[in-house]
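Structure record follows, encoded as structure tokens.
Values below: every heavy atom of this structure, side chains too, minus hydrogens, waters and symmetry copies. Remember, it's 1-based here, ligands and their atoms both numbered in the order they're listed.
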Amino acid sequence: MKSSEIRQAFLDFFASKGHQVVASSSLVPHEDPTLLFTNAGMNQFKDVFLGFDKRSYTRAASSQKCVRAGGKHNDLENVGYTARHHTFFEMLGNFSFGDYFKRDAIKYAWELLVDVFKLPADKLWVTVYAEDDEAYDIWTKEIGVPQDRVIRIGDNKGARYASDNFWMMGDTGPCGPCTEIFYDHGEHIWGGPPGSEDEDGDRYIEIWNNVFMQFNRDEAGIMHPLPKPSVDTGMGLERISAVLQHVHANYEIDLFQALIAAAARETSGADMDSPSLRVLADHIRACSFLIADGVIPGNEGRGYVLRRIIRRAIRHGWKLGARSAFFHKMVPDLVTEMGAAYPELASGKQRVMDVLKQEEDRFFATIEHGMAILEAELELMEKTGVMQFNGETAFKLHDTYGFPLDLTADICRERQIVVDSAAFDAAMTRQKEQARAAGKFKMAANLDYDGPATTFHGYETLEAKGNILALYKDG
Ligand code: ATP
Ligand code: MG
Ligand code: MG
Ligand code: MG
């Protein structure tokens, strides 16, 4: 099955179970300042879960565009390193607004995976929230999953394990215990079952999360019961496609092949297995969909996240030999793959290309010089055995050559080097203070000046930089 057919099969299945199929919402959350980008299918239903909004239906299904590159769910640093993470992905979801609850949610999920998609039941593992005996019993007694493949997992606060069976949309908002379904890709791949010490490996890949929405978490962390227990689920289209297409990494599915080929074509990258090609294939999706939804590269907030992703992409292109704007030339390939499912991408094609090209031209003007400085520093470090990249240099790269801190960190990470971010922050603060002082001085000097007012532009951009720092801090 092609991924487009899998998307459709999911929606058809839930339509046959009385669900209203709802279109994906924008990547830019509608009137929700708590959220940087849409990060799950449930976002557009947040107010329905909270009881503030009512729909004409109590069951819905969707294929939702998601970006996880900032805020509570941030996978930017995983891209290129794991088989399963993207910055942009599609989340297939079914939802119950006070309609069915645990039993039916679990039964539907199992029916789709085992009866419709014909997955071998013995390769599926399940986790439940540690205290959720009800879900545990449904899995083991009603569905019949053997007990050794149903694992209880708690919130794991402060634990070394990544898995967590209490799902939250953000620091506030709807949340609840969840049950997750994992697929075992086989012993030739490193990794342990969920909850084990090696769970970070990519052998057992989480494919589907079923959240039992029961609480609204407020700013103080207090959980208020929702008016009606509800269900919110999310299954990554790329992950289920990998399983159904008998490949391991998401990047091996049909949809990505054309994008990886496009990345190779535009960069003359010879090695088809290069992680850089995968990163480019990932990033062209995030960037194009974000621009199609109205985000433009800038110095703060969403625009700065977009700029950072574009610049990371350009650097990977650079690594593969590109020396002038190339990234935007992958857009037509993306439109061929996904334009039918997301018409806004097809209609926005030219604008997406123009915006990308402009940002590329900007960065290509400074990248060569910046890379030379960076390489020189790394070479020197190699000779002296220093493993921490100078924060002052990172700041200079940021300030003069447009290298966002995370870009420098990403390059360093390839050589197991970390950036001295405290020194970077200090350099940033110092520059900001200097500029403030200069601004005051100018204002004072202007007091008895009766000509046209002098405009001082520096302040605004420096304020923007303050926000950028805040952005790094909350990840
Ligand atoms: P993981 O533990 O693998 O990072 P998650 O627990 O953070 O995933 P959820 O928040 O439960 O993911 O999201 C629901 C589903 O969305 C996941 O089960 C997975 O199939 C998919 N998904 C989540 N993050 C990504 C991503 N970055 N790229 C692709 N698919 C994803
Ligand atoms: Mg995650
Ligand atoms: Mg998980
Ligand atoms: Mg999960």
N/O to N/O below 3.5 Å, does that happen between Ile207 and ligand 1?
yes

Please confirm whether Arg84 comes within less than 3.5 Å of ligand 1 when only nitrogen or oxygen atoms on both sides are compared.
yes

Relative to the heavy atoms of [X], which atoms of ligand 1 are at a distance of less than 4.0 Å?
{"X": "Glu206", "answer": "1 (P), 2 (O), 5 (P), 6 (O), 8 (O), 9 (P), 11 (O), 12 (O), 17 (C), 18 (O), 20 (O)"}
{"X": "Met91", "answer": "13 (O), 14 (C), 16 (O)"}
{"X": "Gly236", "answer": "16 (O), 19 (C), 20 (O), 21 (C)"}
{"X": "Trp167", "answer": "9 (P), 10 (O), 11 (O)"}

Here the ring-ring contact (aromatic ring centres under 6.0 Å, His included) pairs for residues 212-237, sequence neighbours left out, are Phe101-Phe212

Hey, do the aromatic rings of His86 and Phe256 have their centres closer than 6.0 Å?
yes

Just by distance, with hydrogens left out, do [X] and [Y] show a side-chain donor and acceptor under 3.5 Å apart?
{"X": "His328", "Y": "Glu360", "result": "yes"}
{"X": "Glu180", "Y": "Asn210", "result": "no"}
{"X": "Asn78", "Y": "Arg84", "result": "no"}

Taking 2.8 Å as the cut-off, does Glu206 contribute an N, O or S atom near the Mg ion (ligand 3), distance below it?
yes

Just distance, no hydrogens or angles: give the donor-acceptor pairs under 3.5 Å from side chains in residues 332-340, sequence neighbours left out.
unit_1	atom_1	unit_2	atom_2	d
Asp333	OD1	Arg265	NH2	2.8
Asp333	OD2	Arg265	NH1	3.0
Thr336	OG1	Pro332	O	2.9

Using a strict cut-off of less than 4.0 Å between a Lys/Arg side-chain nitrogen and an Asp/Glu carboxylate oxygen, indicate whether Arg152 and Asp133 qualify as a salt bridge.
yes

Which option wins on minimum heavy-atom distance to [atom]: [options]?
{"atom": "atom 11 (O) of ligand 1", "options": "Asn209, Asp202, Val67", "result": "Asn209"}
{"atom": "atom 4 (O) of ligand 1", "options": "Arg239, Met42, His85", "result": "His85"}
{"atom": "atom 12 (O) of ligand 1", "options": "Glu180, Arg68, His73", "result": "Arg68"}

